[in-house]
Amino acid sequence: MRKALLPLIIIIATSLLLIRIFYLQVVNDTFKLQSENNAIKIKYDYPERGYIYDRYGKLLVANQPSYDIMVIPREIKQIDTAEFCMLLNITKEFFDERMAKAKVYSPRLPSVFLPQLNKLEYAAFQEKIRKFEGFYIQKRSLRDYQVSAGANVFGFIRQVSEKEVAKNPYYNSGDLIGKQGVEESYEKILRGIKGVKYIQKDKYNREIGSYKEGKYDTIAVQGEDINLSISADLQKYGEELMINKRGGIVAIEPSTGEILALVTAPSYDPAILVGRQRSKNYTKLYNDSIAKPLYDRGLLAEYPPGSPFKILTGLIGLQEKVINEQTTFMCNHGFSYARGRFMKCHGSGPHQLHNGIYNSCNAYFGNVYMKIINKYVRPESAVNIWSDHVKSFGLGQFMGYDLPTGKKGKVPTGKTYNRMYPGWHWDSKTIVSNAIGQGEVLMTPIQLANMMATVANRGYYYTPHIIKKIKGEQIDPKFKIKHQTTIDRKYYEPMISGLFDVYNFGTASALRVEGIDICGKTGTAENYAKINGKRTKLQDHSIFVAFAPKDRPKIAIAVLVENGHFGAQNAGPIASLMIEKYLRGKITRTDLETKMLNKSLQGEYDKYFKTKVDSLLIPKTEESTEN
């Protein structure tokens, strides 16, 4: 038996080996194709990227032809380098640098020598290409922007990096890839699938036809078209209103979570990141460390929310049953909450929930917050319960939207204050600034807008998203999931009544739009920075949140204008104008429109930011910027 075992193993192993050799040599030609690579030239056929439309079908981003000069270093013969450089208007140093880079990538594989020639440059080079063996033209398509707004929404196209090539086998050196915005989020859908052609060469390196009669060739598949949820007109209008200002505007449709506008200011024309000047223009934008046009403030900037946070303080107070609609607190231009501590307020007299909201009374909401914390024996437990309520509105966490960047914001917990005050007994008086959005809470403009969409819906929200439709595909089902807050629906109505009267006879009464029932809240957030090593008070941020109409709301919005003074001074007028523009398509408050289109805060920024700003004195989160 043992004598037969060894011959049996040898026979089985030999049989398996012969079968594998037969398969590789006769059945499967793939490895033969690789072994003959020296006699085969690979050509790629790049498809058009998918077109991008707005929610109404308006074309936003199309394509235009572009031509790259490709090089295969090993195939270069004797060429007239001086003529080559003069023809393409490049220097000899540039030529040597690009050739060295191509050889490092691969001596026998094609790589981009000079990208994105226009039609005239292409025609001039094509006439003499026969004189430059080893070089050939690769046709591609670049983006052709039909609008000048929405650069932060779209993102841009650039060549892949070496790291991206190593990480993803789909890409080769010189391929284009979407970065930032929807170009990055929906890259796989928009890019399509490139085609491949294998060309047989003879011993003289001349092309003699398709390898194996095109057996291994594949056809390019064009990228799919997508419809964004934004309104192109509303986006453009928002960017116009924010000229000479810094900040963000985010508008959301409450019933779906679709983003109607995503404005960051300052911004730029997306067309400047297309063509031969792309790199130069991008470097200029990137190096602007003061205005930061590449920094999407709507998604990334974390601010103290100020008075709009009083909405949550009131709702949590009702849910925790520490107040009702009739609970009254006195305001004497503020209130004393501890020995030597006084929270200022611009109001006076008795305040209940309703007039507390439309008068934005600090004393009222400071008392409400202290009652929430004092309800429980241990302040740490109380803050955790309060924190859970706040987080149920999507705050203090990545929201899961379909854009490639974002910040969590910050919602403190009991552990936060245990770390801040080690060995010291902190209580509600220590952290009462949270009541009015001036404590350790930080929010991004999109979180503020989502908070108002949640209030508009009376207690639930859908994850905000920028996609509306993908041709031939379904959008991510997570955008259809309803997220409920921890606040009972019945408590939203008294809060909404107060927000409605903010426009009727409260802090935004001068911003009313006749015939539109708007519910809103003004906000002013203190703003400090360290300049030349000193803590410096800057002009306050102007904040405004709103939704409309009051019943069956169609738009929720958050506006934040950096260094913009009071909420009703800059952010509020912009919010009213954006709401009317979306609901009516025209503006009746032309007085507000003229004022905001002509308003410039550049002098305010120059006052502080011509000198070096060491850091903004805002609590920082430790989380990454990936959404």
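Everything quoted here is computed from the prediction, not taken from an experiment.
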For this session: Go through the steps for Y358 and F505 under the test ring pair (Phe, Tyr, Trp, His ring centres under 6.0 Å), then give the verdict.
Result: CA-CA 8 Å; Y358 71 70; F505 37 83; 4.9 Å; yes

Problem set entry | Stepwise side-chain contact (heavy atoms from CB on, under 4.5 Å) test for I431 and W386 | CA-CA 12 Å; I431 58 175; W386 166 83; over 6 Å; no

Problem set entry | Stepwise side-chain hydrogen bond (donor to acceptor under 3.5 Å, both in side chains) check, S231 with Y237 | CA-CA 10 Å; S231 161; Y237 190 57; over 6 Å; no

For this session: Start with the C-alpha distance between T486 and D388, add both sets of side-chain angles, then the distance that settles side-chain contact (heavy atoms from CB on, under 4.5 Å), and finish with yes or no.
Result: CA-CA 8 Å; T486 56; D388 288 342; 5.8 Å; no

For this session: Decide side-chain contact (heavy atoms from CB on, under 4.5 Å) for M452 and K521; before the verdict, give the C-alpha distance in whole Å, the side-chain angles of both, and the deciding distance to 0.1 Å.
Result: CA-CA 10 Å; M452 284 309 283; K521 184 72 191 75; 5.6 Å; no

For this session: Check the pair Y364 / N359 against side-chain contact (heavy atoms from CB on, under 4.5 Å), numbers first and verdict last.
Result: CA-CA 10 Å; Y364 178 85; N359 283 329; over 6 Å; no

For this session: Test E240 against K581 for salt bridge (Lys or Arg N to Asp or Glu O under 4.0 Å), laying out the working first.
Result: CA-CA 13 Å; E240 290 172 349; K581 182 72 170 179; over 6 Å; no

Exercise. How far apart are the C-alpha atoms of Y605 and N563, what are their side-chain angles, what is the distance that settles it, and do they pass the side-chain hydrogen bond (donor to acceptor under 3.5 Å, both in side chains) test?
Worked result: CA-CA 8 Å; Y605 305 133; N563 309 88; 4.9 Å; no

For this session: Run the numbers on E258 and K468 for salt bridge (Lys or Arg N to Asp or Glu O under 4.0 Å), then give the verdict.
Result: CA-CA 7 Å; E258 293 175 357; K468 185 171 181 69; 3.2 Å; yes

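Using a 4.5 Å cut-off on side-chain heavy atoms (C-beta onward), L228 and D54 make no contact.
There is no side-chain donor-acceptor pair under 3.5 Å between S381 and N384. A donor atom on one side chain and an acceptor atom on the other are not found under 3.5 Å apart for T507 and S360. At a cut-off of 3.5 Å, with distance as the only test, a side-chain donor of D427 or T430 sits close to an acceptor on the other residue. In this model, no donor atom of one side chain and acceptor atom of the other lie less than 3.5 Å apart for D540 and T524.
For the pair L60 and A232, the tightest heavy-atom approach, listed with the atom from each and the gap, is CD2-CB, 3.6 Å. A pairwise comparison of heavy atoms in L262 and V153 identifies O-CG2, 3.8 Å as the closest pair. Here the closest non-hydrogen pair linking A291 and D288 is N-OD1, 3.1 Å. A pairwise comparison of heavy atoms in M451 and M443 identifies SD-CE, 4.1 Å as the closest pair. Contact detail for P304 and G437: the closest heavy-atom pair is CB-O, 3.5 Å. Of all heavy-atom pairs spanning V455 and F547, the tightest one is CG1-CE2, 4.1 Å.
Other residues, nucleotides and ligands contribute only 12 or fewer heavy atoms inside 6.0 Å of the CZ atom of F566. In this structure, K375 places its NZ atom where more than 12 heavy-atom neighbours from other residues, nucleotides or ligands lie under 6.0 Å away. Other residues, nucleotides and ligands contribute only 12 or fewer heavy atoms inside 6.0 Å of the NZ atom of K469. The environment of CD in E493 is crowded: more than 12 heavy-atom neighbours from other residues, nucleotides or ligands sit within 6.0 Å. Heavy atoms from other residues, nucleotides or ligands lying under 6.0 Å from NZ of K236 number 12 at most. Around NZ of K415, the count of heavy atoms belonging to other residues, nucleotides or ligands within 6.0 Å does not exceed 12.
Atom CG in L353 sits 11.5 Å away from atom SG in C361 (nearest 0.5 Å). Note: K490 NZ to Q319 CD = 8.0 Å, rounded to the nearest 0.5 Å. Separating the CG atom in N152 from the CG atom in D296 is a distance of 4.5 Å, to the nearest 0.5 Å. Interatomic distance, F329 CZ to Q352 CD, rounded to the nearest 0.5 Å: 10.5 Å. Rounding to the nearest 0.5 Å places CD1 of I249 at 12.5 Å from CZ of R297. The distance from atom OG1 of T594 to atom CZ of R589, rounded to the nearest 0.5 Å, is 11.0 Å.
Under the 30°/60° scheme for interplanar angles, the aromatic rings of F393 and Y492 are found to be tilted. In this structure, Y421 and Y417 have parallel ring planes: the angle between them is below the 30° cut-off, well short of the 60° mark.
Partner of N570 under the side-chain hydrogen bond (donor to acceptor under 3.5 Å, both in side chains) criterion, out of K599, K595, H565: K599 alone. Of the options V383, V322, I385, a side-chain contact (heavy atoms from CB on, under 4.5 Å) to I372 is made by V322 and by none of the others.
Ionic pairing of R552 and D517 is not present here: no N-O contact between side-chain nitrogen and carboxylate oxygen is shorter than 4.0 angstrom.
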